[in-house]
Student: 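Questions regarding the structure given below will be posed in turn.
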Amino acid sequence: MPKFRQRWTEPLARTPYPNATTTLPCQACGGSSLESFYELNDVPAHSCLLLPTRAAALAFPRGDIELVFCHDCGFIGNARFDIGLNQYSAAYEETQAFSPRFLQFLDEICRDQIRKFGLGPGLTALEIGCGKGEFLTKLCELSGCNGIGIDPGYHPERNQSSAADRMNFIRDLYGPRYSHLQAEYVSCRHTLEHIAPVQEFMRLVRETIGNRHQVNVFFELPDMERVLETGVFWDVYYEHCTYFTRGSLARLFRAEGFDVNGLYKAYDDQYLMVEAKPVAGPTIATLPQEDDLASTAALVKKFTKEVDNRLQELSEAAHRWRRSGQKVAIWGSGSKCVSLMSSMELGDTLQAIVDINPHKHGKFLAGSGWEIEGPDALTALRPDAVIIMNSIYTEEIRHELATRDLRPELLPL
Ligand SMILES: [Zn+2]
């Protein structure tokens with residue numbers, strides 16, 4: 001749900017193989033103590049852009065991933081990220097809002113934010129990288145506040161909200177030209193991980209708030225601690241050029257003039273949430289969960305081994321399916337799926353990739369060129385096994401399959 005482009009900065013790396021351990025400064029703290037620990041070459045540069053034809057999907061630009069860990073602040077970034085490959089536009093289809101489980105989560109966080117920060121009529125909420133506007137719209141509907149959303153991927157025709165007259169959507173990338181937009185509440189969800197120069201970005205956000213110290217700031221993004229711990233390599237992909245744990249995120253916020261009041265995980269610990277207030281200068285760590293630099297460094301050391309374990313498990317499953325001539329489908333065509341397809345060969349056991357988002361049906365996956373179908377395609381196919389790209393949707397998908405009289409083996413990732 002991103003959409004912010006760092007037009008006023010140089011890209012982190014345009015040279016194909018920079019010596020990341022010695023030459024690049026950390027994008028979060030400027031430090032030079034970077035350790036390279038994971039590489040993946042030639043992966044699709046986007047995973048949520050929908051391609052109209054198989055040929056366009058197969059020919060989609062590719063880039064390399066080299067994750068580097070900063071020993072000074074714990075930040076993790078892709079040292080080979082090339083902003084020139086970014087193509088955020090209205091063809092970007094990231095929404096999860098067709099899932100009941102996701103809508104319930106959205107409702108919960110909106111109510112929680114409204115309660116915590118007293119959002120109501122007369123106040124304005126700004127969302128940087130608002131995607132299709134689901135969060136901002138719900139926030140405005142539930143609280144009565146006004147909303148400003150910025151995102152090139154926004155589709156006005158899809159928003160039929162009763163709060164539409166209180167909301168203003170700008171179909172553009174966020175940047176300094178929007179620093180005049182002021183609000184009592186600033187949110188930024190699933191956007192920071194798409195931004196390479198994160199220090200500059202946080203500086204911009206902080207500068208635009210100025211001395212209005214009563215403003216509340218809320219960021220939500222994927223949590224990297226879980227990814228490192230479990231080796232779920234499908235959560236590492238080109239679109240995500242930056243990765244944070246609770247500690248590294250808090251350190252960035254504190255260094256750039258915020259006090260961190262809330263720092264927690266949500267959505268089965270997949271997401272990282274930070275609640276902060278602007279202050280006059282840097283602040284010092286006060287929360288116990290910020291103290292994770294040593295533990296993150298230890299996780300970084302064993303990440304590739306964990307990835308190998310996951311790959312081994314998946315290839316054993318694929319081998320078993322192939323041996324017994326079973327038909328396999330993947331449920332969920334988002335970034336995790338594109339990433340999995342880049343790392344793993346399922347061969348002709350794979351028969352379909354389905355998604356509940358109807359806007360994706362008949363479109364093609366970048367890289368592999370697979371066509372995305374609706375779940376009804378499975379009725380005729382009758383798969384023996386279904387790989388579920390996000391385990392949080394397992395029960396929802398089990399139910400969807402059962403309504404089609406399907407009870408395949410489920411492999412939730
Ligand atoms: Zn750093």
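Nothing here was measured: the structure is a model prediction, and the numbers come from that model.
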Student: What about F219 and F253, are their ring centers closer than 6.0 Å?
Tutor: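 They qualify: ring centres under 6.0 Å apart.
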Student: Run the side-chain contact (heavy atoms from CB on, under 4.5 Å) check on M273 and I109 step by step: do they pass?
Tutor: CA-CA 10 Å; M273 328 288 260; I109 51 169; 3.6 Å; yes
Student: Say whether N159 and Y154, considering side chains only, have a donor N or O and an acceptor N or O under 3.5 Å apart.
Tutor: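 Yes, Y154 and N159 have a side-chain donor paired with an acceptor closer than 3.5 Å.
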Student: Would you name the heavy atoms of E371 and G362 that are closest together and state the gap between them?
Tutor: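 E371 and G362 have their closest heavy atoms at OE2-CA, 3.4 Å.
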Student: Taking NZ, NE, NH1 and NH2 as the nitrogens, is one of them in K277 or D259 under 4.0 Å from a carboxylate oxygen of the other?
Tutor: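 Salt bridge between K277 and D259, a charged N being under 4.0 Å from a carboxylate O: no.
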Student: What class does the angle between the rings of F81 and Y238 fall in, given that below 30° is parallel, 30 to 60° is tilted and above 60° is perpendicular?
Tutor: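 Correct class here is tilted.
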Student: Any salt bridge between K265 and D223, counting N to O under 4.0 Å?
Tutor: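 D223 and K265: salt-bridged.
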Student: Is the closest basic N to carboxylate O distance between E229 and K302 below 4.0 Å?
Tutor: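 No.
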Student: Does a side-chain N-to-carboxylate-O contact under 4.0 Å join R203 and E207?
Tutor: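 So R203 does not pair with E207 through a salt bridge.
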Student: Under the criterion side-chain contact (heavy atoms from CB on, under 4.5 Å), which of T394, I387, I388 is the partner of L413?
Tutor: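 The residue from T394, I387, I388 that satisfies side-chain contact (heavy atoms from CB on, under 4.5 Å) with L413 turns out to be I387.
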Student: Is D172 salt-bridged to R177, going by a charged N under 4.0 Å from an acidic O?
Tutor: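 Salt bridge flag = yes for R177 with D172.
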Student: Kindly indicate whether the side chain of S32, heavy atoms from C-beta on, has any atom under 4.5 Å from the side chain of P25.
Tutor: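 Not touching, per the 4.5 Å side-chain cut-off.
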Student: Does the side chain of L311 come within less than 4.5 Å of F233's, by heavy atoms?
Tutor: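 F233 vs L311: side chains touch.
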Student: Assess whether a salt bridge exists between E66 and R80, defined as any Lys/Arg side-chain N lying under 4.0 Å from an Asp/Glu carboxylate O.
Tutor: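 The answer is yes: the pair qualifies as a salt bridge.
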Student: So, are R212 and E184 salt-bridged, with charged N and O less than 4.0 Å apart?
Tutor: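 Not counted as a salt bridge, because no side-chain N and carboxylate O are separated by less than 4.0 Å.
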Student: Heavy-atom count check: over 12 atoms from other residues, nucleotides or ligands less than 6.0 Å from H180 NE2?
Tutor: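 Above 12, so yes.
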Student: Give the ring-plane orientation class for F37 versus F69, where under 30° counts as parallel, over 60° as perpendicular and anything between as tilted.
Tutor: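 Taking F69 first and then F37, their aromatic rings stand perpendicular (interplane angle over 60°).
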Student: Got a salt bridge between R310 and E313, using NZ or NE/NH1/NH2 to carboxylate O under 4.0 Å?
Tutor: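 Judged by the 4.0 Å cut-off on N to carboxylate O distance, R310 and E313 do form a salt bridge.
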Student: Using distance alone, with no hydrogens and no angle criterion, decide if S161 and E141 have a side-chain donor and acceptor under 3.5 Å apart.
Tutor: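 Checked: S161/E141 side chains pair up, N/O donor to acceptor below 3.5 Å.
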Student: For the CG atom on D291, are there more than 12 heavy atoms of other groups (residues, nucleotides or ligands in this structure) within a distance under 6.0 Å?
Tutor: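 Not buried by this count: 12 neighbours or fewer within 6.0 Å.
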Student: Output yes when R407 and D405 qualify as a salt bridge under the 4.0 Å nitrogen-oxygen rule, no when they do not.
Tutor: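 Counted as a salt bridge, because a side-chain N and a carboxylate O are separated by less than 4.0 Å.
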Student: Parallel, tilted or perpendicular, judged at 30° and 60°: which one describes the rings of Y185 and F117?
Tutor: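 The rings of Y185 and F117 sit tilted, inter-plane angle from 30° to 60°.
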Student: Check each of F105, F244, F218 against Y271 using the ring pair (Phe, Tyr, Trp, His ring centres under 6.0 Å) test, and report the only one that passes.
Tutor: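 Option passing the ring pair (Phe, Tyr, Trp, His ring centres under 6.0 Å) with Y271: F105.
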Student: Between D292 and R251, is there a side-chain N and carboxylate O pair less than 4.0 Å apart?
Tutor: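 Result for this pair is yes, salt bridge flagged.
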Student: So that I can tick it off, tell me whether E275 and K116 are bridged by a salt bridge, with the cut-off set at under 4.0 angstrom between side-chain N and carboxylate O.
Tutor: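 Result for this pair is yes, salt bridge flagged.
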Student: So, for H361 and D355, which heavy atoms are closest and what is the spacing to 0.1 Å?
Tutor: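 H361 and D355 have their closest heavy atoms at NE2-O, 2.6 Å.
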